[in-house]
Amino acid sequence: MPDDGPTRAMLKPLPPRPARGTTVARGLILFALVVMVQAVLARRFDLIDTVTLYATLAAVAVIALIGLAVTTFSLLDVWRDAAPGFGSAFGSLMLGVMVLAPFAGAGAAIAVYPNLSEVSTDLTQRPEFRVRPAAMEPLLAGSATGDEAARLQQAAYPDIVPRRLSLSTVEAHALARTAATELGWRILAEEEPVAEGDPGMIETEARTLVLAVPEDAVIRIWPDPSGSRVDVRSASRLPIHDLGENARRIRGFYAKLDEILTRPAD
């Protein structure tokens, strides 16, 4: 029988098989990240509309989830077979978590805040929009309306009520206009009181902080025994869950009113 000792000595063990899917996972998640950043920037510069933004973000979430699923297989190979590729797989995992973090935050907001698409300080006679674009049909699920919306708002936001000021309607209107302007709201329509005791109205377009999604807010000034009464109605243009944004907008407006009132006189 021939001696095959030298031949065996020349054979080298095969290198371990790399973990499956590391390149695919990294590519999917990087693609999702790039698309998400481009979509947000395009919305901020008014290159795409809100519906396109939300549809793109939904696709980003799906792609990132697929990338994370592939990453799971890679990490299983590393753990079970000691396959190389842990660094790449772990990096993809962290990147995927980063991409999906905003979606997780939105999900948490949906769980915490009521399903409303608008909030008003007057639920009986809401301030009227004059030039607001017609609200579009819901993309995924409609928000509450009518009596159900009023019940949800009163339970979740008991502090969202009219603000009474010891100012004339002319002075209150000027104050409200200053507050809206300093908050960066764009004035779309305005009815200024001619004399003290006349009502006033300011309709504005506001933008969300991160995505710069346009939304609407109308400020109404009525005469009141105390001087004047200020009501605010903030509404999303898409009748879907607002994630608490409209209540935050009204609170921010009231905070700005208070801040202006406490400024030292020039």
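Values reported hereafter were calculated over all heavy atoms of this structure, with side chains retained and with hydrogens, waters and symmetry mates removed. Throughout, numbering of the chain's residues begins at 1 and tracks the sequence.
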Do I160 and I221 share a hydrophobic cluster (ILVMFWY, side-chain heavy atoms under 4.5 Å, transitive)?
yes
Between Q154 (side chain) and R151 (backbone), is there a donor-acceptor pair under 3.5 Å?
no
Can you check whether L165 reaches R229 side chain to side chain, under 4.5 Å on heavy atoms?
no
Would you kindly confirm whether V161 and V230 end up in one hydrophobic cluster when ILVMFWY residues are joined by side chain heavy atoms under 4.5 Å apart?
no
If you group Ile, Leu, Val, Met, Phe, Trp and Tyr by side-chain heavy-atom gaps below 4.5 Å, do Y54 and L116 land in one group?
no
Heavy atoms, side chains only, cut-off 4.5 Å: are P127 and S120 in contact?
yes
For T56, all residues meeting side chain to side chain donor-acceptor pair (under 3.5 Å), sequence neighbours excluded
none
When you group the ILVMFWY residues by side-chain heavy-atom contacts below 4.5 Å and let the links chain together, are L57 and V210 in the same group?
yes
Do you know which two heavy atoms are closest between I219 and A180, and how far apart they sit?
CD1-CB, 4.1 Å
Taking the six-membered ring of F253 (Phe, Tyr or Trp), confirm whether the NZ or CZ of R163 is under 6.0 Å from its centre and within 45° of its axis.
no
Going by the side chain to side chain contact (heavy atoms under 4.5 Å, CB included) test, name the single residue among I250, L152, V232 that passes it with V119.
I250
Under the side chain to side chain donor-acceptor pair (under 3.5 Å) rule, collect the residues that match up with Q153, sequence neighbours excluded.
none
We want to know whether D231 and T121 form a side-chain donor-acceptor pair, criterion being a heavy-atom distance below 3.5 angstrom.
yes
Are L65 and L75 connected in the hydrophobic side-chain network, where two residues link if heavy atoms are under 4.5 Å apart?
yes
Taking the side chain as everything from C-beta on, heavy atoms only, tell me whether Q125 gets closer than 4.5 Å to R220.
yes
Is the shortest side-chain heavy-atom distance between E215 and N246 below 4.5 Å?
yes
Check whether more than 12 heavy atoms from other residues, nucleotides or ligands sit under 6.0 Å from atom CD of E259, and answer yes or no.
yes
Taking all non-hydrogen atoms of both residues, which atom of L257 and which atom of A176 are closest, and how far apart?
CD2-CA, 4.0 Å
Test side chain to side chain contact (heavy atoms under 4.5 Å, CB included) applied to L261 and L175, step by step
CA-CA 8 Å; L261 285 171; L175 175 66; 3.8 Å; yes
Test item: side-chain donor near acceptor, D224 and S226, under 3.5 Å
yes
For T169 and A195, the nearest pair of non-hydrogen atoms, with its separation, is OG1-O, 3.8 Å
Is it true that E203 and R130 have a side-chain N and a carboxylate O under 4.0 angstrom from each other?
no
Closest contact, heavy atoms only, T208 versus V213
OG1-N, 2.8 Å
Inter-residue atom distance D242.CG - S234.OG, 0.5 Å rounding
8.0 Å
Are more than 12 heavy atoms, taken from residues, nucleotides or ligands other than F90, located less than 6.0 Å from that residue's CZ atom?
no
What pairs meet the salt bridge (charged side-chain N to carboxylate O under 4.0 Å, His left out) rule with one or both residues in residues 95-120, with sequence neighbours excluded?
E118-R126, E118-R233
Contacts under 3.5 angstrom, residues 95-103 side chains, donor-acceptor by atom type, not counting sequence neighbours:
none

Taking every non-hydrogen atom, the tightest pair across P114 and Y157:
CD-OH, 3.4 Å
Any side-chain heavy atom of Y113 within less than 4.5 Å of one from R248?
yes
Step through the shown structure and confirm whether more than 12 heavy atoms of other residues, nucleotides or ligands are within 6.0 Å of CD on E196.
no
Say you draw a straight line from OG of S117 to NE2 of H241; how long is it, rounded to the nearest 0.5 Å?
10.0 Å
For a salt bridge (charged side-chain N to carboxylate O under 4.0 Å, His left out) with D216, tell me which candidate from R207, R237, R249 qualifies.
R237
Calculate, to the nearest 0.5 Å, the distance between atoms CG and CG belonging to L238 and L53 respectively.
10.0 Å
Can a salt bridge be assigned to the pair R177 and E192 using a cut-off of 4.0 Å between side-chain N and carboxylate O?
no
Show me the side-chain donor-acceptor pairs of residues 24-43 shorter than 3.5 Å, one per line, residues at least two apart or across chains.
| residue | atom | partner | partner atom | Å |
| --- | --- | --- | --- | --- |
| R26 | NH1 | S88 | OG | 2.3 |
| R43 | NH1 | I48 | O | 3.1 |
| R43 | NH2 | D46 | OD1 | 2.2 |

Please find the pair of heavy atoms, one from L183 and one from G252, that lie closest to each other, and give the distance.
CD1-O, 4.2 Å
To the nearest 0.5 Å, how far apart are NE2 in H173 and CG in L167?
13.5 Å
Polar side-chain atom of T204 near backbone of A217 as donor-acceptor pair, under 3.5 Å
yes
My understanding is that only residues two or more places apart in sequence, or in another chain, count here; which of them pass side chain to side chain donor-acceptor pair (under 3.5 Å) with T178?
none
